[in-house]
Amino acid sequence: QVQLVESGGGLVQAGGSLRLSCAASGRTLSSYAMGWFRQAPGMEREFVASISRSGRRTSYEDSVKGRFTVSRDNGKNTMYLQMNSLKPEDTAVYYCAAVVDFYENYYSRPGVYRYWGQGTQVTVSP
């Protein structure tokens with residue numbers, strides 16, 4: 001019903017910046033809460049940031065607060081993650097996710113999300 005495709009990952013030096021995009025097709029994102037997650041090898045999928053369906057509300061994992069900014073443009077059916085001051089600990093595959101929502105909720109648990117992108121690799125060198 002909704003397909004998500006991440007882009008913008010790559011290799012960056014510590015202290016650098018990347019902007020990830022999550023483009024949706026199949027459905028308009030205006031009724032979907034969305035989130036960003038990341039997963040390093042051998043680790044569980046970890047919450048990074050979430051945003052309510054209108055963009056009015058956002059939430060961040062403590063380690064990325066002040067460095068990452070999640071936003072969305074429902075007119076373009078796209079969610080973004082601006083990542084600044086990147087650290088090697090940020091290295092992971094980053095996934096975007098969406099779940100239908102009828103209010104202004106946001107969610108931090110992976111199991112809540114119904115739709116997932118394929119992931120994009122972010123590697124931060126020391």
Side-chain angles (χ1 to χ4, degrees):
Q1 291 184 296
V2 59
Q3 296 81 45
L4 306 174
V5 179
E6 304 95 334
S7 62
L11 176 65
V12 65
Q13 292 182 328
S17 298
L18 285 173
R19 189 193 194 201
L20 304 184
S21 297
C22 175
S25 61
R27 294 289 183 90
T28 301
L29 288 180
S30 60
S31 295
Y32 291 82
M34 300 187 71
W36 288 99
F37 295 81
R38 63 189 181 187
Q39 188 167 22
M43 300 290 104
E44 293 185 350
R45 193 162 296 187
E46 177 188 34
F47 169 72
V48 177
S50 61
I51 187 166
S52 62
R53 69 182 204 166
S54 73
R56 181 183 296 269
R57 304 176 70 191
T58 59
S59 182
Y60 298 92
E61 196 273 328
D62 286 342
S63 69
V64 308
K65 288 180 179 177
R67 300 189 297 123
F68 291 9
T69 302
V70 62
S71 62
R72 66 193 295 165
D73 185 340
N74 288 341
K76 298 176 67 175
N77 254 18
T78 303
M79 177 180 64
Y80 305 95
L81 184 68
Q82 179 66 47
M83 305 186 294
N84 298 325
S85 301
L86 283 162
K87 303 184 292 185
E89 299 79 59
D90 296 316
T91 295
V93 176
Y94 282 70
Y95 299 89
C96 70
V99 62
V100 66
D101 190 77
F102 296 104
Y103 300 96
E104 287 293 320
N105 296 316
Y106 53 90
Y107 308 96
S108 61
R109 291 178 294 176
V112 171
Y113 289 89
R114 180 76 174 272
Y115 306 101
W116 292 84
Q118 84 289 347
T120 184
Q121 177 70 49
V122 172
T123 303
V124 184
S125 63

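This structure is a prediction, so every number in the text was calculated from the model and none was measured.
Connection of W36 to Y106 is not established within any shared hydrophobic cluster, with ILVMFWY side chains joined at heavy-atom distances below 4.5 Å, either directly or through further cluster members. Hydrophobic clustering (ILVMFWY, side-chain heavy atoms < 4.5 Å, transitive): L29 and L20 are in one cluster. Both Y60 and M34 are assigned to one and the same hydrophobic cluster, defined by single-linkage of ILVMFWY side chains at heavy-atom distances under 4.5 Å. A continuous path of ILVMFWY side-chain contacts below 4.5 Å connects I51 to Y103, so both sit in one hydrophobic cluster. V2 is connected to V100 through a chain of hydrophobic side-chain contacts under 4.5 Å among Ile, Leu, Val, Met, Phe, Trp and Tyr, so both are in one cluster.
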Worksheet entry | Chi angles and distances behind the side chain to side chain contact (heavy atoms under 4.5 Å, CB included) call for S50, Y113 | CA-CA 11 Å; S50 61; Y113 289 89; 3.7 Å; yes
Discussion item. Does M79 form a side chain to side chain contact (heavy atoms under 4.5 Å, CB included) with C96? I'd like the steps, not just the answer.
Written reply: CA-CA 8 Å; M79 177 180 64; C96 70; 3.6 Å; yes
Practice prompt. Show your reasoning for whether side chain to side chain contact (heavy atoms under 4.5 Å, CB included) applies to T91 and Q121.
Written response: CA-CA 8 Å; T91 295; Q121 177 70 49; 4.0 Å; yes
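In this structure, OG on S59 lies 12.0 Å from CG on N105, to the nearest 0.5 angstrom. Distance check: L18 CG to L81 CG gives 9.5 Å after rounding to the nearest 0.5 Å. With rounding to the nearest 0.5 Å, the separation of CZ in R38 from CD in E46 is 4.5 Å.
The only option from Y95, Y107, W116 that meets the ring-ring contact (aromatic ring centres under 6.0 Å, His included) definition with F37 turns out to be W116.
The two residues K76 and T78 make their nearest non-hydrogen contact at O-OG1, 2.9 Å. Contact record, A14 with P126: CB-O, 4.0 Å, taken as the closest heavy-atom pair. The two residues R72 and G55 come nearest to each other via the heavy atoms CD-N, 3.8 Å. S54 and N74 make their closest contact through CA-ND2, 4.3 Å (heavy atoms, listed as atom of the first residue, atom of the second, distance). Listed here is the closest heavy atom pair of S85 and S17: N-OG, 4.3 Å. Residues G119 and V93 come closest through the heavy atom pair CA-CG1, 3.8 Å.
Residues Y115 and Q1 have side chains that bring a donor and an acceptor to within less than 3.5 angstrom of each other.
Between the side chain of Q39 and the backbone N or O of A92, no donor-acceptor pair lies under 3.5 Å. At distances below 3.5 Å, not a single donor-acceptor pair connects side-chain atoms of N77 with backbone N or O atoms of A23.
Side chains of R67 and M83 form no contact here, defined as non-hydrogen atoms less than 4.5 Å apart. Taking 4.5 Å as the limit, every side-chain heavy atom of Y32 sits out of range of all side-chain heavy atoms of R114. Residues E104 and R53 are in side-chain contact: their nearest non-hydrogen atoms beyond the backbone lie under 4.5 Å apart. Counting heavy atoms from C-beta on, the side chains of L86 and Q13 never come closer than 4.5 Å.
Taking the six-membered ring where the residue is Trp, Y94 and F68 present tilted rings, their angle falling between 30° and 60°.
Looking at K87 and D90, no side-chain N of the basic residue comes within less than 4.0 Å of a carboxylate O on the acidic one, giving no salt bridge.
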